[in-house]
Number of protein chains: 2
Amino acid sequence: MENVYNFSAGPAGLPKEVMQKAQAEFVEWNGLGTSVMEISHRSKEFIQVAEEAEQDLRDLLDIPDNYRVLFCQGGARAQFAAVPLNLLGSSLKATYVDAGYWAQSAVKEAEKYCQVDLVDAKTTKEGRVAVIQASDWKIDPESAYVHFCPNETIDGIEISDLPDTKLPIVADMSSNILSRKIDVSRYGVIYAGAQKNIGPAGICIAIVRDDLLDLAYELLPSFMSYKVLAEKDSMFNTPPTFAWYLSGLVFKWLKGQGGVSAIEQINIEKATILYDYIDSSAFYSNDVHAQNRSRMNVPFQLAKPELDEVFLKQASERGLVSLKGHRAVGGMRASIYNAMPIEGVKALVEFMREFAADNA
Amino acid sequence: MENVYNFSAGPAGLPKEVMQKAQAEFVEWNGLGTSVMEISHRSKEFIQVAEEAEQDLRDLLDIPDNYRVLFCQGGARAQFAAVPLNLLGSSLKATYVDAGYWAQSAVKEAEKYCQVDLVDAKTTKEGRVAVIQASDWKIDPESAYVHFCPNETIDGIEISDLPDTKLPIVADMSSNILSRKIDVSRYGVIYAGAQKNIGPAGICIAIVRDDLLDLAYELLPSFMSYKVLAEKDSMFNTPPTFAWYLSGLVFKWLKGQGGVSAIEQINIEKATILYDYIDSSAFYSNDVHAQNRSRMNVPFQLAKPELDEVFLKQASERGLVSLKGHRAVGGMRASIYNAMPIEGVKALVEFMREFAADNA
């Protein structure tokens, strides 16, 4: 099929150029006569891949020298356990900010390990779903850290401000890392499963401020220890080498696009086109307040939910795929991560317009 | 380079046919207009990949119905923690059989969680390294389970017998799963990192007898829980979908080769060719007793270790790559997993013969 635009929430579409390069060198990489996935992770060739990926990520996010970049396994769900196990130290509690599905999932896991001081940040504003501004989050100063999820893929909510606290701020950026400028120095730990804006599923990045490496619970499984991973350059165990390599290609691609500032402008443009159309239409709706609308995940509902299946089928025939909303909320969801070209969003809006006209 | 034979211990070479198929459909899979790695793990297309992979593995190993097949993240090192955390139950100890590097690594992690009753199974026989026969392992009946590693990639040791015990037997088969017939019903848990005989690094198979699913330590990170993974069909968190897909292709390839019995015969033949030549040569040596020589990993030493680098360079020029021994033992190591064709072993022996003649 020509010109497929893939709106999957994750595992999500990767940049076409990256996929084509990886395909071309899939069997015969770097003159070695083998694939990059068939060589030792300790070979000089792979070490170079690994180090370049880290450096490119450091360049893209302007990561200060006192932060370690770790390539982990187990995805963000593993980090839901790794964060308390690595950071609680002698503290018994941590503050978790709840603004959606993934924040709540992190809470559920953290409750195994500590007392969770929960900040319910969900609110309504002008009749729409919104998030209380971060400066108003009530944070217990005895917490070991404050955890939040700045982009909720299912709720379609994004939080762009940070609380005013001296505690380490921990952010699950699985679905918006590299999509907008951030000041890494304001965080204690940033983690992100790869399968949205970084690479394929099966690898997870953790960016950890180095003064937080010494707090780990003794009985933490070693492969989850930030300290062990930092000491072993993320090769305590055999890393997912192909996923690491592909992530590196994505970082190079993003640099070629002009880096995070440049992609942020494109992401703003893409999101604006889609939300503006939804707001202008009587047939589609999105109930999130403009202030907290996600630039990455745009859930929307049809005025006639009985047409959901027809919508999905016709969209798919036009090459607009994976628009089905999460089973927890229904409706539609367009995930428009970095790899989604602006043409894809325009094609979606064009289809939505025609569908509305035909079915209003 | 033409005809490269890759002797990497892991991540290891995959079957050429598998790599070529994966390359051909890398960007455009199954008529979807996207890669298999760019679709939701919950899509019907990926569920089919996942289920077929499991069924093919069940067929290959003749896995009884009362065993669950789990696709995990974190590799065998994660299982070093997952095994005690899932299986100890109310027991305070477990028996670990030590016959090499990886068995010892598992012990080190297990000691965090329980008292390890250690069986030192290393011995010498006719002046060679050997392993005490399993029927003579002294197993504490109060142990929760007995853990051993039937193939030691670094030591070049393989154990083909099983202890006579009623305790659950747990085996780290990372480097010899699918290389020989086994009777799964005699084990409690079999686990294996993929990157030798299954697929790319980043996925790990655990085959768990279902009466062992209810023993997990409450504070186990959820993504490591056998029970959670079993209940969620290994999709509690987003699985490494591409690695799962590729593993499935390897299973289909292996079925096409005639299955495990057929590949076992080829593996015996390959190992025999290589060990027979080493034993017949005064220039190369392997110090493991015939009874415990690994069919998968063949470490060997040159009579003149000062020629190691020259050997590696010349081998590499002939397309015989990744023969360098593990840094812990030095010398050479030829890993000849399922994907290594017999021609590769013959080419290696031919080169070794010439090199010995030139340098004796």
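Because the structure is predicted, anything quoted here is derived from the model rather than measured. In the text below, chain A, chain B and the rest are named by the order of the sequence lines, each starting its count at 1.
- Without hydrogens or angle criteria, A:Asn338 side chain to A:Asn197 main chain gives no donor-acceptor distance under 3.5 Å.
- With a 4.5 angstrom heavy-atom cutoff, A:Ser322 does not touch chain B via any of its atoms.
- Residue contact with chain A, scored on non-hydrogen atoms closer than 4.5 Å, involves the side chain of B:Leu85 exclusively.
- Both the backbone and the side chain of B:Ala201 have a heavy atom closer than 4.5 Å to some heavy atom of chain A.
- Taking CG of B:Leu32 as the reference point, atom OG of A:Ser316 lies at 8.5 Å (rounded to 0.5 Å).
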Start with the C-alpha distance between A:Ser222 and B:Lys112, add both sets of side-chain angles, then the distance that settles side-chain hydrogen bond (donor to acceptor under 3.5 Å, both in side chains), and finish with yes or no.
CA-CA 10 Å; A:Ser222 306; B:Lys112 289 183 175 184; 2.9 Å; yes
Quiz prompt | Worked verdict on A:Thr153 versus A:Asn297 for side-chain hydrogen bond (donor to acceptor under 3.5 Å, both in side chains) | solution = CA-CA 6 Å; A:Thr153 54; A:Asn297 309 93; 5.3 Å; no
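- In this structure, NZ in A:Lys196 is found 11.0 Å from CG in A:Asn176, a value given to the nearest 0.5 Å.
- The contact between A:Leu246 and chain B is made entirely by side chain atoms (from C-beta outward), counting heavy-atom distances below 4.5 Å.
- With a 4.5 angstrom heavy-atom cutoff, B:Ala78 touches chain A via backbone and side-chain atoms both.
- Ranked by heavy-atom pairs under 4.5 Å with chain A, the first of B:Lys324, B:Glu218, B:Gln195, B:Glu109 is B:Glu109.
- Contact annotation for B:Leu219: both backbone and side-chain heavy atoms come within less than 4.5 Å of a heavy atom of chain A.
- B:Asp233 CG to B:Leu70 CG: the interatomic distance, rounded to the nearest 0.5 Å, is 9.5 Å.
- Residue A:Phe242 holds its CZ atom at 5.0 Å from CE of B:Met37, rounded to the nearest 0.5 Å.
- Ring planes of B:Phe71 and B:Trp244: parallel class, angle under 30° (limits at 30 and 60°).
- For the set B:Ala9, B:Cys72, B:Ser40, B:Ser35, the entry with the most heavy-atom pairs within less than 4.5 Å of chain A is B:Ser40.
- Inspection of non-hydrogen atoms places A:Met19, A:Gln20, A:Ala22, A:Gln23, A:Ala24, A:Phe26 of residues 16-26 of chain A under 4.5 Å from chain B.
- Of the listed residues (B:Ser105, B:Gly75, B:Gly74), the one with the most heavy-atom contacts under 4.5 Å to chain A is B:Gly74.
- The ring of B:Tyr96 has its center closer than 6.0 angstrom to the ring center of B:His147.
- Just one residue in the list A:Leu14, A:Ile177, A:Val250 forms a side-chain contact (heavy atoms from CB on, under 4.5 Å) with A:Ile198, and that residue is A:Ile177.
- Neither the backbone nor the side chain of B:Phe80 has a heavy atom closer than 4.5 Å to any heavy atom of chain A.
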